[in-house]
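Everything numeric here is computed off the predicted structure, so don't read it as measured data.
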Amino acid sequence: MLLTAYFVLVGLLALWAVLEFSVCHSKPPATSSSSGNPAFRSFQYAFYRAYFPALAADWLQGPYLYKLYHHYHFLEGQIAIIYVCGFGASVLSGLVSAPLTGRLGRRKSCILFCFLLAGCYLCKLSQDYFVLLTGRVLGGFSSSLLFSSFEAWYGHEHAEHHDFPAEWLPHTFSQAATWNGAIAVIAGVTANACAEWLGLGPASPSVLAVPLLVLSIALVVREWDENHGQSAGFTRTCGDGLRCLLRDRRVLLLGAIQALFESVVYIFIFLWTPVLDPHNTPLGIAFSSFMAANAAGSSLYRLGTSKKYHLQPMHVLCLSVLMVFFSLFMLTFSTGPGQERPTESFLAFLLIELACGLYFPAMGFLRRRLIPEKEQTGVLNWFRVPLNLLAGLGLLVLHDTDHQTGTRNMFSLCAFTMLLALLSVVSLFSLVRNDPELRLPSSETEASGPEI
């Protein structure tokens, strides 16, 4: 597995480069003058300078999170509880992040994210179970602030303070998404270098992330101005979201697809390390391979939905769910007790990440078209509840004393869950197949960074 992981990473990076080259050549000629505007470029770089260190710090925790808890000699069931607490904190933070960001201020919210994540990482230096639990809760609360605060600050400054054209805004986020993929790959290799090549242990990537967060805070304080947003009350937001869910079956089906699909992804985040680690797999390199596969999937989505191929997001969504179902079916056999096939498991995990790269931009497009803008926050809050409940219950209920049997059972349940997601996709497709609003114009593309 050692050499396989390195060869796979190189191959996926080459594939990503080829796909990005094809995407660039499939685009229509640019008509925007954003690249030639010095004021816009200066503003854009000021955003990237503070945003990218925060992204890198967030990605550094991914490869060795489970390994760290295992290194401290906690049982798999205890580790599952830590993850479930993180899921719960993520749900709560999703409910309060929008009102908090609007009232506290987006600049202060970015700083708050950095402090919360730094606290999460410093807690990982302790071997006390409740300190680690607290750290995971802090990480869960910080997760919803990362994209909402930074991108909300930029969007407000772009339109209100600098008065740049609205059509220039996607250019910044598209570039940020591409760089986010590269940062995730580099973070995995860096974490691997610290933890394994230099022998500093699984806590070292977390220590390395703290200076990046300090740098991000310093740049935000020095270069960014504060801005505030108006947000509706918590009760009204959730009430509007619930009414939208109940009155539109399409939104309800979309929520079911998101909850089923992404709960499986959350369980995958927990399981990939105990499946691969016993077979001498370099975890940081494996993580970078996952991120490269995810980024390749995102590039493949943009290429497939370009003017050249005319694929629609609904078709891509169905394909991504099928790919994950097939991968999980593979994993039920490759993780059988006494019959472990780590190479097949690794390839199945890569296929899941490739599917995620296709899924997230397709789902993002459908959400924007089906859910009214003023109700999106409330609806997404309701989407997160069953998502995290399914992931948490899956982790807690399916663990037994036999590690391998429990792992195989979890993949079997995930495969069944993905089958339900596929049925929901088919039901949604039957409702919207003749809806022109859900067809992607040939000139429109979606930007999506890697999500594990």
Side-chain angles (χ1 to χ4, degrees), residues 2 4-21 23 44-45 47-68 113-114 117-118 120-121 124 139 142-143 146-147 150 172-216 219 269 272-273 276 281-299 346 349-350 353-354 356-357 360 447-452:
L2 185 65
T4 300
Y6 284 97
F7 282 127
V8 166
L9 175 58
V10 172
L12 285 169
L13 289 175
L15 174 64
W16 183 26
V18 170
L19 288 172
E20 277 295 314
F21 180 80
V23 168
Q44 192 181 55
Y45 290 149
F47 171 65
Y48 289 157
R49 279 196 298 271
Y51 185 39
F52 287 170
L55 286 176
D58 186 60
W59 284 120
L60 276 169
Q61 71 176 327
Y64 290 93
L65 184 59
Y66 184 101
K67 177 77 171 182
L68 176 69
F113 158 79
C114 294
L117 192 59
C120 167
Y121 286 153
K124 290 181 171 63
S142 70
S143 62
L146 173 57
F147 296 103
F150 282 86
T172 297
F173 292 139
S174 178
Q175 280 196 342
T178 302
W179 277 106
N180 190 22
I183 289 168
V185 172
I186 294 170
V189 175
T190 304
N192 197 92
C194 292
E196 299 189 26
W197 298 346
L198 299 178
L200 299 178
S204 58
S206 299
V207 176
L208 180 63
V210 174
L212 291 173
L213 293 168
V214 173
L215 174 63
S216 183
L219 291 169
I269 292 171
W272 74 267
T273 301
L276 296 180
T281 305
L283 298 180
I285 300 302
F287 179 87
S288 292
S289 299
F290 296 155
M291 295 298 97
N294 192 305
S298 178
S299 299
F346 184 42
F349 289 151
L350 291 170
E353 282 292 345
L354 182 69
C356 287
F360 282 105
S448 175
E451 300 198 36
I452 186 170

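- In this structure, Leu283 and Trp272 approach most closely via the heavy-atom pair O-CH2, 3.6 Å.
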message: One pair to check against side-chain contact (heavy atoms from CB on, under 4.5 Å): Tyr66 and Ile269. What are the steps and the verdict?
response: CA-CA 9 Å; Tyr66 184 101; Ile269 292 171; over 6 Å; no

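- Here the straight-line distance linking atom CD1 of Ile186 with atom CE of Met291 works out to 13.5 Å at 0.5 Å rounding.
- With a 4.5 Å cut-off on side-chain heavy atoms, Val207 and Lys124 do not count as touching.
- Considering every non-hydrogen atom in both Ala191 and Pro205, the closest pair reads CB-CG, 3.8 Å.
- Between Phe360 and Ser298 the shortest side-chain heavy-atom distance does not fall below 4.5 Å.
- Note: Asp58 CG to Ser142 OG = 6.5 Å, rounded to the nearest 0.5 Å.
- Taking each heavy atom of Ser216 and Ala50 in turn, the nearest pair found is OG-O, 2.8 Å.
- Between Thr172 atom OG1 and Gln44 atom CD the span is 4.0 Å, to the nearest 0.5 Å.
- Residues Val185 and Trp59 fail the side-chain proximity criterion, which asks for heavy atoms closer than 4.5 Å.
- With Phe150 as the partner, the ring pair (Phe, Tyr, Trp, His ring centres under 6.0 Å) test is satisfied by one option alone out of Phe47, Tyr48, Tyr51: Tyr51.
- Nearest heavy-atom pair, Ala209 versus Tyr121, reported as atom, atom and distance to 0.1 Å: CB-CE1, 3.2 Å.
- From Gln61, atom CD reaches atom CG of Leu117 across 6.0 Å, with rounding to the nearest 0.5 Å.
- A distance of 11.0 Å separates CG in Leu68 from OG1 in Thr273, rounded to the nearest 0.5 Å.
- Taking CG of Leu60 as the reference point, atom CG of Leu65 lies at 12.0 Å (rounded to 0.5 Å).
- When every heavy atom of Pro53 is checked against every heavy atom of Leu215, the shortest pair comes out as CG-CD2, 4.0 Å.
- For the pair Leu13 and Ala292, the tightest heavy-atom approach, listed with the atom from each and the gap, is CD2-CB, 4.1 Å.
- Contact annotation: the side chain of Tyr64 never approaches that of Ser204 to less than 4.5 Å [non-hydrogen atoms, C-beta and beyond].
- Leu276 has its side chain within reach of Phe349: a pair of non-hydrogen atoms, C-beta onward, lies under 4.5 Å apart.
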task: Determine, step by step, whether Leu9 and Val189 satisfy the side-chain contact (heavy atoms from CB on, under 4.5 Å) criterion, reporting the C-alpha distance in whole Å, the side-chain angles of both residues, the deciding distance to 0.1 Å, and the verdict.
output: CA-CA 10 Å; Leu9 175 58; Val189 175; 4.2 Å; yes

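- By the 4.5 Å heavy-atom criterion applied to side chains, Leu55 and Leu146 are counted as neighbours.
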field: Evaluation steps, side-chain contact (heavy atoms from CB on, under 4.5 Å), between Trp197 and Asn192
entry: CA-CA 7 Å; Trp197 298 346; Asn192 197 92; 3.0 Å; yes

